[in-house]
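Step one of this worksheet: look at the structure below.
When reading the values below, keep in mind they use all heavy atoms of this one structure, side chains included, and skip hydrogens, waters and symmetry mates. Residue numbers begin at 1 in each chain, while the letters A, B, ... track the order of the sequences.
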Number of protein chains: 2
Amino acid sequence: MPDPMYRQIADDLRRKIESGELAGGRQLPTELELREQYDASRNTVRDAIKLLVTRGMVETRPGQGTFVVAKLDPLIITLDWETGFSGGEGSAYYKSEVKADRRKAEVSVPRIEIQPSSAAPELGLETSAQVVSRHQQRFVDGTPWSLQTTFYSMSLVQRGGVRLFQAEDIPTGTVQYLEETLGIKQVGWRDKIMVRTPDATEAAFFQVPDDGRVAVMEIRRTAFDASRKPLRLTVTTYPADRNQFVVNVGEVPDEEVLGAPGSTASNASSESAAQGEKE
Amino acid sequence: MPDPMYRQIADDLRRKIESGELAGGRQLPTELELREQYDASRNTVRDAIKLLVTRGMVETRPGQGTFVVAKLDPLIITLDWETGFSGGEGSAYYKSEVKADRRKAEVSVPRIEIQPSSAAPELGLETSAQVVSRHQQRFVDGTPWSLQTTFYSMSLVQRGGVRLFQAEDIPTGTVQYLEETLGIKQVGWRDKIMVRTPDATEAAFFQVPDDGRVAVMEIRRTAFDASRKPLRLTVTTYPADRNQFVVNVGEVPDEEVLGAPGSTASNASSESAAQGEKE
DNA sequence: AACGATTTGTTCGTATGTATC
DNA sequence: TGATACATACGAACAAATCGT
């Protein structure tokens, strides 16, 4: 009738974690200790811990113990879409945004690669065409924070956009660079936003488990020039546990200090359970 | 040296699922069969299955078996910021968007409630004030798709916005209704976007496991009137496994048919593993 | 309605391997 | 090197859910 024992143990530990009785660093008793505390077998205790691991509340380290996962302080990224400001891509923009948050931003040297056009289908190039990709890793306070890859048609490089091909940061952003150098103006863009589980590379970089417990947000931005042709494709992935976004549209008051809402007003109402009254 | 056996089994099954050898409905062999196929103990087979369950690829049903999870066809929600169109909140808007996708949209009758102002901190009301909440459930082709709650100050109702208080749909949207009735014009809004795990209510409604394997995207939209004061707060939650967004900014070409990008061009490059060259 | 067969869920025991200090 | 702690793997028994007879 009651919950199985391993769930009871997990619930008890969860309660202790959420109440703050068990916080950040090394905390949980060892399996042997828990086994005595709850008078259960080691396997049952392990099942309870496995449940908490799945929910991302604790992590186990072989030879050391089981630890409560410390929540990361989310970085709030502000995008002012209406002003036409090309939010969020240039490294200068990224750094200033993070600095406004009093945190230290770092951007890796871009890794330049040549890839088949199939790597960036949104650019709509011939199958035989090639694209240049500029890949950057971003850190905040030393912690990996986001990954970004921008794809350009090789023809842009051939027409004079040579810096696209150089493995160094373009602080003013490639958008401005392309306009100054080639006179190509970005007049709009389309973002496709989705949430998915990280692939192996992302999981390794972000230092999250590779079993999909931490989601990543992927934003694929296709930017267009004045002739409505795709100019570039920028793919950015943000792990959901450390990134939030704020978008201002139209006339809005100045940003006040916005504390993380957490679970203030969720979609749950007062107390009623789910009800299926459709229409 | 090699992967542990339960991972090998899981990988083998994952391969079969991804290759389509095992698709939608009831598929996986029983634990007893797998135990023979891989010459492993039942517990080891179960560990392999548990891994796939955690990754959301299969689900187990007691007394029946283990089944490959059918991926939902994602609904692509298009928001055109530049037109100033108040994307996504009015039920009329929602229905037409979904219909354009050739799918059947349903919206539940709003559930009206009175709540303390602390339920909607973004409105910046006195602690003693109260807010009206309008809560709606949305379905696509009969499947629960999103949850939305809009909060208004009670004073709006007292000033004449009585329909806010009635449990019936306002097809033209409350934005237009408030402008026509009270002359209050919405001039902009601020969206806070975050990804988190669903709470118990959401998990039940969306029919997803309550252990956080499926993330939800929460969009908190605070809309402002001409005097830059908060007019309303709309909280919408979308399960990530069935929703994607497209945002157009500036001048962009017409929407072509956009197949789900899936894992076309990720942030992984050709083949190189993660490298830590920061700066 | 009752029963049995099948299938997954829970719990224990035990042994051995691997990582860390 | 040894001690500690988690990881993997096997075996066994019973419970609970489901389905068909």
Side-chain angles (χ1 to χ4, degrees), chain A residues 1-14 17 22 24-70 203-204 207-211 213, chain B residues 1-14 17 22 24-70 204 207 209-211 213:
Chain A
M1 184 77 71
D3 270 5
M5 191 184 307
Y6 78 99
R7 280 181 194 278
Q8 292 183 37
I9 297 174
D11 280 344
D12 192 55
L13 291 173
R14 183 171 54 76
I17 292 170
L22 296 173
R26 180 199 187 294
Q27 238 93 7
L28 260 64
T30 68
E31 293 173 351
L32 222 64
E33 290 168 328
L34 290 173
R35 175 198 151 105
E36 288 170 8
Q37 277 184 38
Y38 294 102
D39 193 35
S41 83
R42 188 178 163 231
N43 279 330
T44 302
V45 167
R46 281 179 60 76
D47 281 345
I49 292 176
K50 212 170 295 176
L51 207 63
L52 297 178
V53 169
T54 299
R55 301 196 185 191
M57 304 186 65
V58 305
E59 65 181 347
T60 56
R61 298 208 271 269
Q64 299 186 47
T66 305
F67 302 82
V68 179
V69 174
Q207 297 174 321
V208 298
D210 71 336
D211 58 2
R213 292 197 303 271
Chain B
M1 184 77 70
D3 270 5
M5 191 184 308
Y6 77 99
R7 280 182 193 277
Q8 292 183 38
I9 297 174
D11 280 344
D12 193 55
L13 292 172
R14 184 171 53 78
I17 291 170
L22 296 173
R26 180 200 186 295
Q27 238 92 10
L28 259 64
T30 68
E31 292 172 352
L32 221 65
E33 289 169 328
L34 290 173
R35 175 197 150 103
E36 288 170 8
Q37 276 184 38
Y38 294 102
D39 193 35
S41 80
R42 186 179 163 223
N43 279 330
T44 302
V45 167
R46 281 177 61 77
D47 281 345
I49 291 176
K50 214 170 293 176
L51 208 62
L52 298 178
V53 169
T54 299
R55 301 194 186 191
M57 304 186 65
V58 305
E59 65 181 346
T60 57
R61 300 209 271 269
Q64 299 186 48
T66 305
F67 302 81
V68 178
V69 172
Q207 297 174 322
D210 72 336
D211 59 1
R213 292 197 302 271

Report task. Write down the distance between CD1 (B:I49) and C1' (C:dT8), rounded to a whole number of angstrom. Result -> 9 Å
Query raised in the report: Separation of B:N43 atom CG from D:dA12 atom C1', in whole Å?
Result: 9 Å
Query raised in the report: For the pair made of CG in B:D3 and P in D:dA7, what is the distance, rounded to whole Å?
Result: 15 Å
Query raised in the report: Do any side-chain nitrogens or oxygens of B:T44 fall under 4.0 Å of OP1 or OP2 in D:dA9?
Result: no
Report task. Using atom types as modelled and distance alone, determine if a side-chain donor or acceptor of A:E36 lies under 3.5 Å from a backbone N or O of A:E33. Result -> no
Query raised in the report: When you check the phosphate oxygens OP1 and OP2 of D:dC6, does a side-chain N or O of A:T66 lie under 4.0 Å from one of them?
Result: yes
Report task. Round to a whole Å and report the spacing from CZ of B:R46 to C1' of C:dG9. Result -> 6 Å
Query - Sidechain-backbone polar pair: B:R213 side chain, B:V53 backbone, donor-acceptor under 3.5 Å - result: yes
Query raised in the report: Side chain of B:R42, base of C:dG9: donor and acceptor closer than 3.5 Å?
Result: yes
Report task. Give the nucleotide from the list C:dT11, D:dG11, D:dA17 with an atom nearest to the side chain of B:P62. Result -> D:dA17
Requested in this report: Starting at atom OH of B:Y6, determine the distance to atom P of C:dT16, rounded to an integer number of angstrom.
Outcome: 21 Å
**Report entry** Nearest-angstrom distance from the residue atom CD of A:E31 to C1' of C:dT18
**Finding:** 14 Å
**Report entry** Partner of A:I49 under side chain to side chain contact (heavy atoms under 4.5 Å, CB included), chosen from A:L52, A:D47, A:L51, A:V45
**Finding:** A:V45
Report summary line: B:K50 atom NZ is separated from C:dT11 atom P, nearest whole Å, by 11 Å
Query raised in the report: Just how far is it from atom CD of B:E31 to atom OG1 of B:T44, taken to the nearest 0.5 Å?
Result: 11.5 Å
Query raised in the report: Separation of A:L51 atom CG from C:dG9 atom C1', in whole Å?
Result: 13 Å
Requested in this report: Give A:R61 one of three labels, base, sugar-phosphate or nothing, depending on what nucleic acid heavy atoms sit under 4.0 Å from its own.
Outcome: sugar-phosphate
Query raised in the report: Side chain of B:P4: nearest nucleotide among D:dC10, C:dT8, D:dA9?
Result: D:dA9
Query raised in the report: When you measure from the side chain of B:R35, which nucleotide among D:dG11, C:dT20, C:dA19 comes out closest?
Result: D:dG11
Query raised in the report: Taking only N and O in the side chain of B:T60, is any of them less than 4.0 Å away from OP1 or OP2 of C:dT8?
Result: no
Query raised in the report: Just how far is it from atom CG of A:D39 to atom CD1 of A:I9, taken to the nearest 0.5 Å?
Result: 9.5 Å
Report task. Select from A:D39 and A:G63 the residue whose nearest nucleotide in DNA chain C is closer to the 5' end of that strand. Result -> A:D39
Query - Which nucleotide in D:dC19, C:dT11, C:dT20 has an atom nearest any side-chain atom of A:Q64 - result: C:dT20
